[in-house]
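Take a look at the structure set out below.
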Amino acid sequence: MSRRLLWLAGVLLVWPPLVALAAEQQLTLGNQVFRFSVAADPETRRQGLMGQVLAPQTGMLFDFPAGTRPAIWMHNMQISLDLLFVDASGRIQHVFAEVPPCQQTPCSIYQASEPMRYVLEVPAGTAQALGLKPGDQLDVSQLPPSAPAQ
């Protein structure tokens, strides 16, 4: 994958940008530790990974309020992703594999059939490479015990 370095007003930029992992959480998927940036508020969840590129073994963890049926779309994405829909106990309920970017609306919507606590976005091919499937249990004990309020 090529990267372009830009010098703008004295600041070195990398394009496309790598996802910033400021609010970070680690989870083990299969036998690998992944670092996730956390999207637990409406604005961060809305922005998601739009325009971002993931480094190896990274992703985004969407944390939803109780009772939410998450709906994800791939509008303005640069890369394909695997979407793992996970309930509050850490059980994978659904895997949308190799979901392609959407550059023009209308975009496909990937939605849970029931309320879910989390959606994990990881690089495309991760679920297959690690053998992740519905029914698998993830250790979410290090995540916040309560769902976000909004």
Checklist entry - Is it the case that one hydrophobic cluster holds both Trp73 and Ile79, taking links as side-chain heavy atoms less than 4.5 Å apart, direct or via other members? => result no
Checklist entry - Without hydrogens or angle criteria, can the side chains of Arg35 and Gln26 be said to hold a donor-acceptor pair below 3.5 Å? => result no
Item to check | Heavy-atom neighbours of Gln142 CD exceed 12 at 6.0 Å | outcome: no
Next on the checklist: For Ala66 versus Ala147, what's the shortest heavy-atom pair and its separation?
Outcome noted: N-CB, 3.7 Å
Item to check | Distance (rounded to the nearest 0.5 Å) between Glu98 CD and Leu83 CG | outcome: 11.0 Å
Next on the checklist: Between Phe34 and Leu61, does the side chain to side chain contact (heavy atoms under 4.5 Å, CB included) criterion hold? Intermediate values first, please.
Outcome noted: CA-CA 10 Å; Phe34 277 69; Leu61 182 151; over 6 Å; no
Checklist outcome for this item: Closest non-hydrogen contact found for Thr68 with Pro65 is OG1-O, 2.8 Å
Checklist entry - Considering only heavy atoms from C-beta outward, does the side chain of Leu49 approach that of Leu54 to under 4.5 Å? => result yes
Checklist entry - For the side chain of Asp82 and the backbone of Gly125, is there at least one donor-acceptor N/O pair under 3.5 Å apart? => result yes
Next on the checklist: Which residue is it: Val119, Thr126, Leu132? I am looking for the one with a side-chain contact (heavy atoms from CB on, under 4.5 Å) to Leu84.
Outcome noted: Leu132
Item to check | Residue from Pro100, Cys107, Pro101 passing side-chain contact (heavy atoms from CB on, under 4.5 Å) with Met77 | outcome: Pro101
Checklist outcome for this item: Value for CE (Met74) from OH (Tyr110), rounded to nearest 0.5 Å, stands at 7.0 Å
Next on the checklist: Quick check: do Asn31 and Leu130 have side-chain heavy atoms less than 4.5 Å from each other?
Outcome noted: yes
Item to check | Any side-chain heavy-atom pair of His75 and Pro106 under 4.5 Å | outcome: no
Next on the checklist: Filter on salt bridge (charged side-chain N to carboxylate O under 4.0 Å, His left out), then keep only pairs touching residues 102-122, sequence neighbours left out; what's left?
Outcome noted: Asp63-Arg117
Next on the checklist: Can you tell me which residue among Thr28, Leu143, Leu120 is in a side-chain contact (heavy atoms from CB on, under 4.5 Å) with Leu138?
Outcome noted: Leu120
Item to check | Any residue meeting salt bridge (charged side-chain N to carboxylate O under 4.0 Å, His left out) with Asp136, in chain and number order, not counting sequence neighbours | outcome: Lys133
Next on the checklist: Quick check: do Val122 and Leu81 have side-chain heavy atoms less than 4.5 Å from each other?
Outcome noted: no
Checklist entry - Counting only N and O atoms by type, is there a donor-acceptor contact under 3.5 Å from the side chain of Gln57 to the main-chain atoms of Val33? => result yes
Checklist entry - Is a donor on one side and an acceptor on the other found under 3.5 Å between the side chain of Arg45 and the backbone of Phe64? => result no
Next on the checklist: Walk me through whether Phe96 and Phe85 qualify under ring pair (Phe, Tyr, Trp, His ring centres under 6.0 Å).
Outcome noted: CA-CA 8 Å; Phe96 291 100; Phe85 285 72; 5.4 Å; yes
Next on the checklist: Any heavy-atom pair between the side chains of Gln52 and Ser37 that's under 4.5 Å?
Outcome noted: no
Next on the checklist: Quick one, Met116 with Arg69, criterion side chain to side chain contact (heavy atoms under 4.5 Å, CB included). Give me CA distance, side-chain angles, the key distance, then yes/no.
Outcome noted: CA-CA 6 Å; Met116 292 288 141; Arg69 267 184 61 216; over 6 Å; no
Next on the checklist: Tell me if the CD atom of Gln32 is crowded by more than 12 foreign heavy atoms within 6.0 Å.
Outcome noted: yes
Checklist entry - Does Pro134 reach the side chain of Val95, with side-chain heavy atoms less than 4.5 Å apart? => result yes
Item to check | Side-chain heavy atoms of Tyr118 within contact of Val38, under 4.5 Å | outcome: no
